[in-house]
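The chains referred to below are lettered A, B, ... by the order of the sequence lines, with proteins before strands, and numbering in each begins at 1. Just so you know, these numbers use all the heavy atoms, side chains as well, and skip hydrogens, waters and symmetry mates.
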There are 2 protein chains.
Amino acid sequence: MTVKGRPTSLDIAHLAGVSQPTVSRALRGNPMVNADTRRRILAIADQLNYKVDKNASNLRCQQSGTLALLFFEDPAPDDSLINPFFHSMMGSITRACARRGYDLLVSFQQLSDDWHADYEDSKKADGLILLGYGDYLQARTRLEQLVRQGTHFVRWGAALPDQPGIAIGCDNFQGGHAMTRHLLDGGRRRIAFLGDASPRYPEFRERYRGHVQALQDAGLGADAGLQVDAISSETAGGDAVRALLDAGVGFDAVFAASDLIAIGAMRALAARGLQIPADVAVGGFDDIPMAAMVAPGLTTVQQDTRAAGSLLVDTLIDAIRGQACGHHSLPVHLVARGSTTT
Amino acid sequence: MTVKGRPTSLDIAHLAGVSQPTVSRALRGNPMVNADTRRRILAIADQLNYKVDKNASNLRCQQSGTLALLFFEDPAPDDSLINPFFHSMMGSITRACARRGYDLLVSFQQLSDDWHADYEDSKKADGLILLGYGDYLQARTRLEQLVRQGTHFVRWGAALPDQPGIAIGCDNFQGGHAMTRHLLDGGRRRIAFLGDASPRYPEFRERYRGHVQALQDAGLGADAGLQVDAISSETAGGDAVRALLDAGVGFDAVFAASDLIAIGAMRALAARGLQIPADVAVGGFDDIPMAAMVAPGLTTVQQDTRAAGSLLVDTLIDAIRGQACGHHSLPVHLVARGSTTT
DNA sequence: CTGAAAGCGCTTACAG
DNA sequence: CTGAAAGCGCTTACAG
């Protein structure tokens, strides 16, 4: 029982003495097929290590059983670290896809370029997952274009009402609020916020809004001089702290909009001889693995990447199947470590 | 100029007033096509946002323009950290694929399960890249099966002569040798080696062989009592150090077969009140981002993941195109930090 | 330089 | 329960 090259369903049909469509039916578990016939077919297929040709099958069925993950990275000149938070998301998305029986195409995109987002148009994928697309205002036009084209997609980001497409995110406002309340509870009063709080970065902005709300809840006002823009990198965190120190702005705590910023800030503080948390408490956001490794451990707001990955995949599959779905935001969880407590 | 649903090449043909094959030729850059005709076709295709249906194209051409990355992970009960080294590899493989014009399917595999390695059989991918497949002796049977089936694949691992398929790895022997020489140069004489040195983990074994060779080059013998098995995790590193201390084995340096092991070892040493590097110097392997973050910084052997990713992808594509290729090993580079020097 | 024809390997109505 | 037929959207000899 041998066949030249990879076997086709026609080869199986010949060997089983049935027609090719019957092989197809048996393989797909069509209940109409006689049980004996099915068994014979499956045995032969197994023996020949036959696998359905997905190109043929997908062409006929007009779908691919595949999702595409578009991961956007800054074209950093120094080839610096990708935010480990996204690594974690990528892992959970991969696993969620496997659970749902979808394959996953992964593509790293340059923010500067035109997006290479034609996986659905070329029928290689049934939908897209967008991760880390940078400046929201710049991305917005392209997101709207995807919506217009009828592309199925979900993105990780701020789940705000007026945004195009479907966004899944964590409750950034709540996270920002929790961190600042935690710092206030520890007796801190002058809390610097490191992170871009403009509409370009809606997630950071929400964290900042939560921060301001917590201050107000405590009867305090937000000091604009204590907010410093920073993108999510260690370098930016160090720069922000140095800018504050050099400007002579007094502060007893730092709330960094991401752990990478926080870690950069911790280094810069230590380099200037400041003790953490004695002189300055530091809080972050994400709970990347490094947060637990640095000394002292970094207090941070944990995002549940496992739930996030599942929800992204499930929501996208719902959208592909034509089920209406909207934004969704996930609860967060404060993890207290040595950088804010003694 | 509108079309119901996603446009096909036939739609373009109608609009351009040519036959469908001419559209196909124009789109693929066939030089036979009249320049004016081509321009007209491209303009229409662009306007309709037409993309070639990859399922149809791949079916006809019998290839997919896609590679599959099989990433094996231990079914760790605690959902612990994936070795960050593999994250880095994944990034460089993704980028290398993009450069070569291939798409990349990513699949996380459970070590325990049967491998889900039928991407090539089902024509979803032209070849496989294997990363982190655990115990080599257990994997060997499956690797041999892939070879027998004629599957195109490359794997990251020890590039040793008698292994099935094509392996790309770093020069583990050289790396092991360099680290131990570095520790000896620093005046250390009792160097514990943490890592499984059995044929189950050929990469660790090579690192160990390099270590032993460096000892011999210095006129020293290897003390079997100083080698402790450990898989690549912080937990295993901590366990190994505690086992040595509890057994009362004296040592003034630790050479961990991976950075994760080293970091676990550093924590365990610190917990027992030992100073790094004063009491015990610590060296690792991989140069994961955390190695630079821990205090003191971890001296380690850097693997060039960028070159590795490119080489894996290039070699696989060569193999797919029928070009003979063999194992390949990449140079390594010692990075000295505070864990071994003052 | 271009068109008519065949065919990649499936899946799914349509008959029987 | 099963087979003959059509067709998914391309690409590539083969004619002209």
Side-chain angles (χ1 to χ4, degrees), chain A residues 3-42 44-45 48-66 118-126, chain B residues 3-42 44-45 48-66 118-126:
Chain A
V3 165
K4 63 286 138 226
R6 313 244 166 197
T8 69
S9 57
L10 197 59
D11 295 322
I12 314 274
H14 287 329
L15 291 164
V18 296
S19 73
Q20 182 271 327
T22 297
V23 173
S24 179
R25 289 192 193 97
L27 259 22
R28 320 193 89 232
N30 184 321
M32 289 296 193
V33 178
N34 175 288
D36 273 351
T37 313
R38 177 203 317 287
R39 253 192 299 281
R40 194 150 33 93
I41 291 171
L42 292 183
I44 296 171
L48 294 184
N49 191 35
Y50 169 79
K51 294 288 181 295
V52 172
D53 184 317
K54 290 288 187 186
N55 290 133
S57 167
N58 293 342
L59 172 59
R60 182 53 232 247
C61 299
Q62 297 289 55
Q63 41 106 329
S64 67
T66 301
D118 53 2
Y119 292 99
E120 182 167 348
D121 299 316
S122 68
K123 308 270 176 68
K124 283 204 88 153
D126 299 332
Chain B
V3 166
K4 64 283 136 232
R6 313 246 166 197
T8 69
S9 56
L10 197 58
D11 295 321
I12 315 273
H14 287 329
L15 290 165
V18 296
S19 74
Q20 182 271 326
T22 299
V23 173
S24 180
R25 289 190 193 99
L27 258 23
R28 318 193 91 232
N30 184 320
M32 290 296 192
V33 178
N34 176 288
D36 272 351
T37 313
R38 177 202 318 288
R39 253 192 299 280
R40 194 149 34 92
I41 290 171
L42 291 183
I44 295 172
L48 294 184
N49 192 34
Y50 169 79
K51 295 286 181 297
V52 172
D53 184 318
K54 290 287 187 186
N55 290 132
S57 167
N58 293 342
L59 172 59
R60 184 50 232 250
C61 299
Q62 296 289 55
Q63 41 106 334
S64 68
T66 302
D118 53 1
Y119 293 100
E120 185 168 348
D121 299 317
S122 68
K123 308 270 178 68
K124 283 204 88 154
D126 300 331

When you compare the side chain of B:D11 with that of B:Y50, does any pair of heavy atoms fall below 4.5 Å? no
Strictly by modelled atom types, are B:T66 and B:K54 linked by a side-chain donor-acceptor pair under 3.5 Å? no
B:R40 CZ to C:dC1 P, in whole Å, measures 14 Å
Using a cut-off of strictly less than 4.0 Å, decide whether A:S19 has a side-chain nitrogen or oxygen near OP1 or OP2 of D:dG3. yes
Could you work out which one of D:dC10, C:dT12, D:dC1 sits closest to the side chain of A:C61? C:dT12
When rounded to whole Å, the CG to C1' distance for the pair A:N58 and C:dT11 reads 12 Å
Show your reasoning for whether side-chain contact (heavy atoms from CB on, under 4.5 Å) applies to B:Q62 and B:K123. CA-CA 8 Å; B:Q62 296 289 55; B:K123 308 270 178 68; 3.9 Å; yes
Picking from D:dT2, C:dC10, D:dG3, which would you name as closest to the side chain of A:V33? D:dT2
When you measure from the side-chain N and O atoms of B:Y50 to the phosphate of D:dG9, is any distance below 4.0 Å, counting only OP1 and OP2? no
If you find the nucleotide of DNA chain C closest to B:K123 and the one closest to B:T22, which residue's nucleotide is nearer the 5' end? B:T22
Nucleotide paired to C:dA13 in any strand shown, Watson-Crick or G-U, under 3.5 Å: none
Integer-rounded Å distance: D:dT12 C1' and B:R60 CZ: 5 Å
Rounded to whole Å, the NE2-P distance (A:H14 to C:dG9) equals 12 Å
Where is the tightest heavy-atom contact between A:L48 and A:P7, given as atom of each residue plus distance? O-CG, 3.7 Å
Measuring from the side chain of A:R28 (C-beta onward, heavy atoms only), which nucleotide among C:dG3, D:dC10, C:dT12 has the closest atom? C:dT12
Whole-Å distance separating the CD1 atom of A:I41 from the C1' atom of D:dT2: 10 Å
Side-chain atoms of B:V18 come closest, of D:dT2, C:dG3, C:dC8, to C:dG3
Applying a 4.0 Å non-hydrogen cut-off, can you work out what A:S24 is touching in the nucleic acid: base, sugar-phosphate, or nothing? base
Using modelled atom types only, decide if a donor and an acceptor are shared between the side chain of B:R38 and the backbone of B:V33 within a distance under 3.5 Å. yes
G-U wobble or Watson-Crick pairing nucleotide for C:dA4 (cut-off 3.5 Å, both distances): none
Per B:T37 side chain, nearest of listed nucleotides D:dT11, D:dG3, C:dT2: C:dT2
Under 3.5 Å, is there a donor on one side chain and an acceptor on the other for A:S64 and A:N58? no
Can you tell me if B:R25 uses its side chain to pair, donor with acceptor, with the backbone of B:N30 under 3.5 Å? no
Please enumerate all protein N or O atoms sitting under 3.5 Å from an N or O of nucleotides 13-16 of chain C, with distances to 0.1 Å.
{"unit_1": "C:dA13", "atom_1": "N6", "unit_2": "A:R25", "atom_2": "NH2", "d": "2.8"}

N/O (side chain, A:S9) to phosphate O (OP1/OP2, C:dG9) under 4.0 Å: no
The side chain of A:Q62 lies closest to which of these nucleotides: D:dG9, C:dT2, C:dT12? D:dG9
Go through C:dG9, D:dG3, D:dT11 for me and flag the one nearest to the B:Q20 side chain. D:dT11
Nearest of D:dC1, C:dG3, D:dC10 to any side-chain atom of A:M32? D:dC1
For atom CG of A:L27 and atom C1' of C:dT12, their distance in whole Å: 15 Å
Protein-nucleotide distance (B:I12, atom CD1; D:dG9, atom C1'), rounded to Å: 12 Å
B:D53 CG - D:dG9 C1' separation (whole Å): 6 Å
Close side-chain approach of B:Q20 and B:S9, heavy atoms under 4.5 Å: yes
